[in-house]
Amino acid sequence: MTARLSRIRPRAVKGVLFDLDGTLVDSEFLSPLAWTAVLKEVGVDISEGCEGGVQDIEKALTAPELRGTNAADVAHYLIQKFNISSENDPLLLVKRKRALAVEIVANGEVDLEPLWFKDTTRAIRRLEKVVGSESVGLCTSNLRSIVLAILEAGNLGDSFRGGKTVQEDVIDHTGLPQMKPRPDPYLLALNRLNIDPKSVVALEDSAVGVASALSAGVGTVLGVLNREDNETKESKEAENALLAAGADEVFQTTVDAIDWCIASAQITQHQDEITSSMKEKEEVVRRYFDGVNKKDPAMMASCFADTVELRDMCGPSKGEPRMACSKDMADRCMEFLAAHPDCRVEFEQPPICDREGQWVWCHWVESGHWTGESRDVEPKNTELSVGGQTRFFLEKTTPESPPKILKQVIYRTFSEWELSL
């Protein structure tokens, strides 16, 4: 199986939520250890053929249809598998299993550092640099004490500042955790992340985790395999289970999925920067026309660079470029406004950037009357009704300043005053 970076197109990514077990760390073996301890406590003799018993537990937990399954289902399976007395309440067995899992970790019976999948911790650090540590969170059905111990072992105790949602956070009024595939864990994780769910990616290794994320409204859900051999029948079954649950794509490793998130986030940020720049340029053009309506030459002049290239495509210059300073551009408008004191400019098409984000264009109409004297031309008290299209080329002249108009290209009709000049 090859990496699938090319099979899913980049999407808007502003936040990422991670499952823990099977996604970041290979800690699934903790459950068989804890369940084995529980079986011993309830009197199940697995000393004879003990290895087979443990393997049966592991098989139940790692089968594609049960991977990531809740503990209550596993308890029912074990009760039937080992003919445990019906007097043993499955929920009590679950609670005991969780307590024993915590003891195993707290007592140092397992070395947690090697559990992290290769290069995953470094990939998470790279992701945090791109999207920000507050935009990366954890959503796991594991217990808080175990989660914190695992994170410390991976030197990521200070990571996942977007929130660590664990089993204890989703306890309902009955005292039971509302675990995956229910949406509760991801709903809480999304609330803590405080980012539009459509721009959030969830990474999961189980079908129930995928279902939980999707039902909570997570925009993109990526499956990960993290198998030693992703070409085996078991891996294929796991992949198919993830896709059937609704995963948008399945990657060989968590690192592959993180790389996709980083690439998509960088594209998102670049697009956001372009959009911001486009809006800033459009606002400058709006400000220029606002200055015209307010008859404010300083406001108009502030929108232009020190030197402006002007092309009047319909005037006597026939589009030949003319150079002017910002004051000249404002004075030119003020002469027109002196002849038409009640002039009002309105947009038929408001200022909008082209796709490249360089030129801003707009359609406008001017209304009013020729009632003022300007440039020694007597007014004729005629109605003003002209229109046109103007394109503006804007760039920042300094990093700190807003964009300035460097070029102005005008297609327009003319007023009687202009025709008389």
Side-chain angles (χ1 to χ4, degrees), residues 269-368 370 374-375 384-419 421:
Q269 291 170 358
H270 180 61
Q271 291 173 336
D272 288 346
E273 290 172 1
I274 292 176
T275 300
S276 176
S277 174
M278 292 168 67
K279 289 181 178 179
E280 197 174 14
K281 291 178 179 180
E282 292 167 0
E283 184 57 36
V284 171
V285 173
R286 288 179 182 275
R287 177 178 170 80
Y288 162 67
F289 281 101
D290 195 22
V292 173
N293 284 330
K294 291 179 178 179
K295 301 175 178 58
D296 185 339
M299 188 175 183
M300 287 185 276
S302 69
C303 299
F304 291 95
D306 293 338
T307 303
V308 184
E309 179 185 291
L310 173 63
R311 290 175 179 261
D312 194 339
M313 306 305 292
C314 302
S317 64
K318 297 181 179 179
E320 287 296 318
R322 291 180 291 160
M323 306 308 294
C325 67
S326 58
K327 183 177 183 302
D328 290 338
M329 298 297 290
D331 289 345
R332 182 173 177 269
C333 289
M334 291 305 295
E335 289 177 349
F336 182 89
L337 293 170
H340 310 90
D342 63 345
C343 173
R344 183 75 185 172
V345 183
E346 295 179 332
F347 294 120
E348 288 189 333
Q349 169 60 57
I352 184 170
C353 261
D354 60 17
R355 292 183 178 180
E356 288 73 32
Q358 295 182 336
W359 288 85
V360 177
W361 63 274
C362 61
H363 285 276
W364 47 265
V365 293
E366 293 174 329
S367 58
W370 180 14
S374 181
R375 294 183 64 177
L384 170 66
S385 179
V386 301
Q389 172 189 303
T390 305
R391 292 189 294 134
F392 302 87
F393 181 82
L394 300 91
E395 283 187 346
K396 285 180 176 287
T397 54
T398 65
E400 298 78 18
S401 67
K404 300 287 185 178
I405 301 170
L406 278 70
K407 298 179 183 181
Q408 182 175 347
V409 181
I410 307 171
Y411 296 84
R412 56 169 307 191
T413 56
F414 292 92
S415 67
E416 289 189 44
W417 172 76
E418 290 170 304
L419 292 172
L421 293 176

Item to complete: Evaluate the criterion side-chain contact (heavy atoms from CB on, under 4.5 Å) for residue pair Met300 and Met329; output intermediate values, then yes/no.
Response: CA-CA 8 Å; Met300 287 185 276; Met329 298 297 290; over 6 Å; no

Just verifying a value: how many Å separate [X] [atom1] and [Y] [atom2], rounded to the nearest 0.5 Å?
| X | Y | atom1 | atom2 | result |
| --- | --- | --- | --- | --- |
| Gln389 | Tyr411 | CD | OH | 7.5 Å |
| Trp359 | Leu394 | CH2 | CG | 9.0 Å |
| Cys303 | Glu283 | SG | CD | 9.5 Å |
| Met278 | Glu280 | CE | CD | 12.5 Å |
| Arg412 | Glu366 | CZ | CD | 5.5 Å |
| Glu273 | Ser277 | CD | OG | 9.5 Å |

Single hit among Arg332, Lys407, Glu320 for side chain to side chain contact (heavy atoms under 4.5 Å, CB included) with Leu310:
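When side chain to side chain contact (heavy atoms under 4.5 Å, CB included) is applied between Leu310 and each of Arg332, Lys407, Glu320, only Arg332 qualifies.
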
Provide the closest heavy-atom pair for [X] versus [Y] in the form atom of the first, atom of the second, distance.
| X | Y | value |
| --- | --- | --- |
| Val360 | Cys353 | CG2-SG, 3.5 Å |
| Pro350 | Cys362 | C-CB, 4.0 Å |
| Val386 | Ser415 | CG1-N, 3.6 Å |
| Ser326 | Ala301 | CB-O, 3.5 Å |
| Leu337 | Cys343 | CD2-CB, 3.9 Å |

- Query: Any side-chain heavy atom of Phe414 sitting closer than 4.5 Å to one from Leu421?
  - Reply: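 Side chain of Phe414 against side chain of Leu421, heavy atoms only: no contact under 4.5 Å found.
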
Taking C-beta and beyond as the side chain, do Phe336 and Leu384 meet within less than 4.5 Å on heavy atoms?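 With C-beta onward as the side chain, the pair touches.
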
Could you check whether Arg311 pairs with Glu309 (Lys NZ or Arg NE/NH1/NH2 to Asp/Glu carboxylate O, under 4.0 Å)? yes

Under 4.0 Å between a side-chain nitrogen and a carboxylate oxygen: does that hold for Asp328 and Arg322? no

| request: Find out whether the Lys NZ or Arg CZ of Arg391 is both under 6.0 angstrom from the six-membered ring centre of Phe393 and within 45° of the ring's axis. | output: no

ask   = In terms of the angle between their ring planes, are His340 and Trp370 parallel, tilted or perpendicular, with boundaries placed at 30° and 60°?
value =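 Ring orientation, 0 to 90° scale: tilted.
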
Are the side chain of [X] and the backbone of [Y] linked by a donor-acceptor contact shorter than 3.5 Å?
| X | Y | result |
| --- | --- | --- |
| Lys281 | Gly357 | yes |
| Glu335 | Ser374 | no |
| Asn293 | Val345 | yes |
| Lys404 | Ser302 | yes |
| Thr275 | Gln271 | yes |
| Asp290 | Lys294 | no |
| Lys295 | Pro341 | yes |

**Prompt:** Are there more than 12 heavy atoms of other residues, nucleotides or ligands under 6.0 Å from atom NZ of Lys396?
**Reply:** yes

Checking Tyr288, Trp361, Trp364 against Thr390 for side chain to side chain donor-acceptor pair (under 3.5 Å), the one that qualifies is Trp364

